[in-house]
Visitor: 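Sharing a structure here in structure tokens format.
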Number of protein chains: 2
Amino acid sequence: MHETPHIPTLDDVAKVAAVSTATVSRCLNEKQKVSAKTLAKVLEAVESLGYTPNFNARAMAAKQSRTIGAIIPTMENAIFARGLQAFQETLLEQRYNLLVSSSAYQPKLEAQQIRELVARGADGLLLIGYERDEAVYDYLARRGIPTVLAWASKPDSRHVSVGFDNRAAMRQLTDRVIEMGHRQLAVISGIVDGNDRAAERLAGIQDSWQAHGFHLDDLPVIQRPYETKSGAAAFEELVQVDVKPTVIMCGNDVLAAGVVSRARDLGFSVPDDISVTGFDDIELAKHVYPALTTVHVPHRKMGRIAADSLINLIEDREGEVSQQLDVFIQMRASLKQL
Amino acid sequence: MHETPHIPTLDDVAKVAAVSTATVSRCLNEKQKVSAKTLAKVLEAVESLGYTPNFNARAMAAKQSRTIGAIIPTMENAIFARGLQAFQETLLEQRYNLLVSSSAYQPKLEAQQIRELVARGADGLLLIGYERDEAVYDYLARRGIPTVLAWASKPDSRHVSVGFDNRAAMRQLTDRVIEMGHRQLAVISGIVDGNDRAAERLAGIQDSWQAHGFHLDDLPVIQRPYETKSGAAAFEELVQVDVKPTVIMCGNDVLAAGVVSRARDLGFSVPDDISVTGFDDIELAKHVYPALTTVHVPHRKMGRIAADSLINLIEDREGEVSQQLDVFIQMRASLKQL
DNA sequence: TTGTAGGCGTTATCAA
DNA sequence: TTGATAACGCCTACAA
């Protein structure tokens, strides 16, 4: 069935245009080095043959691919979508292409996909968070692959990062919650193992809790994967206790959305019976009812800056590298003053 | 700054293992053709050097990449996320990799990305919907690139598609709406130009409307991009009329979510003052309040089947190709009997 | 401004 | 079971 059709190559174009392959290559890559006449001739041949350069051959010969790889933990919920979109737009403006894969929050899978993207000739990489096996960083360093870490920030680290301080942000939100009179908190955290954002957010809550003179033993914490349904199930667990929490703080808007929905289904009123908070300020946060009080993250800005940083790194230019962005608390109806 | 590190190649491995490059290649690709002793020797060399095969070189020499390209209209909302996830999982099981790009609903961009993926050596392509320039299909045919169209279905077409009948589904939902007593409908459609799913869904509503003896002139329709905020804005327009609609049917859950939220903010009660329907049954549909009556699409199943079809095509096997999936109406609180 | 020719890192076809 | 060696399609000194 697969009749192998003839795919035009540089040679074909060269023959049709009656020039050398070198000239054709120049017409495609450095027009200024070619006379207007030959350029026209060659482009016509390209057109008539429907020629498209073979990317693999080009990357191999030129030793660069103008391709950036990004590995995000998940595509399923919208956490990374908006930032990634902006990242891609910025890359495209500079004629870089983006390759995306998702690691399903599995470090081994991520490591494998890093090798895959590098093997594909990626000129640089965008990774989420900073916590990963040292061997991975070694590998990247040995191959000389410029890498930017996003969605987190470690100013003291030897890595380039464009993100925000998850811990400080969550601490700030918790301070606010406690100031509003809440004393019975419960936490639904993301799985902290292998996820520095989740770990830092939880730590931020604990920082604030202790700073206010409370004891960690009095702070119920459960860890759940970032899915609405696990938030919903976690809610049921958390309210089956003698002293119900007055507020449930979630490591993420997705968990919080699950909590709010399930609470309503079970006849709880949010925020009158119980308050809920999230983190990220994704689209969902505005559309659940009541809308979520959450930490607003400048996703698009982060994506843009990450792209600029990475390109600077790749092209060996001066300019910004690591950058820590500001976030703010977005108050909405799901959190109530006691 | 970029010290060009030495990246180990097949040659390096061959030297260290004291065999030929051909043998090393065999160890990596067809172990059974190699003696156990050499295999061990070679793998050890691979390990010690930290060798990773160069993908571009491999693809060029082998004339196949085990890579599938997918181009979706957007990553921003979750419409395609779940299906794509399943698509990828199925591919991975068969040792195919997935490359994703997003066309932002722009046909020219899509055409360009198709060329890009083909140039990268994609063995096959997944595209959304069937409506695109004939030149694109010609190009694909000339290059002999197996392609599967998803999220839509054209059984009479010469293309392979794995999807569902958007028009029939929406007609069915509309029948239901009308049976429930609604006579004042208003429609917020997606932009139909260049989007067959949006066009078919709108047509489905019109089919039902006319079949019930009503006139198209009495059916207010506005087209808006698939974003919650445009749904929200559209809602305001639609209720600023003398005879308010009793139900607003949206081409998509995202639009419907925007409508529900804005309606509530403006003091309307959904569904008591006005009913709302969506399409797709994405996560969001369950979490807005009230939850959306919508058309449930078997996203994951569609993704799996599309992957199987595409692989069958690529590997020239017998087996299923086009397939039309069933959808059903998911009744939830946003639609009320009059 | 243009052409020649070597090389990029694999795989695959032959022989050995 | 192994080893030479010719592709694969393009880029890029270097020469002309």
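Sequence lines set the chain letters: A, B, ... in the order given, protein chains first and strands last, and positions in each chain run from 1.
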Visitor: Report the distance from atom CZ of B:R120 to atom CG of A:N56, rounding to the nearest 0.5 Å.
Guide: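 If I round to the nearest 0.5 Å, the distance is 8.0 Å.
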Visitor: From CZ of A:R120 over to P of C:dG9, roughly how many Å is that when rounded to an integer?
Guide: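 That distance rounds to 18 Å.
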Visitor: Taking only residues two or more places apart in sequence or in another chain, which ones pass ring pair (Phe, Tyr, Trp, His ring centres under 6.0 Å) with B:F80?
Guide: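 For B:F80 the ring pair (Phe, Tyr, Trp, His ring centres under 6.0 Å) partners, ignoring immediate neighbours, are B:W151.
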Visitor: Rounded at 0.5 Å granularity, tell me how far CD1 in A:I71 sits from CG in A:L117.
Guide: 5.0 Å
Visitor: Do we get A:R304 above A:F87's six-membered ring, with its NZ or CZ under 6.0 Å from the centre and within 45° of the axis?
Guide: no
Visitor: Output yes when A:K41 and A:E44 qualify as a salt bridge under the 4.0 Å nitrogen-oxygen rule, no when they do not.
Guide: no
Visitor: Counting primed atoms plus P, OP1 and OP2 as sugar-phosphate and everything else as base, spell out the protein contacts along nucleotides 7-16 of chain D at 4.0 Å heavy-atom distance: B, S or - for each nucleotide, 5' to 3'.
Guide: -BBBSBB---
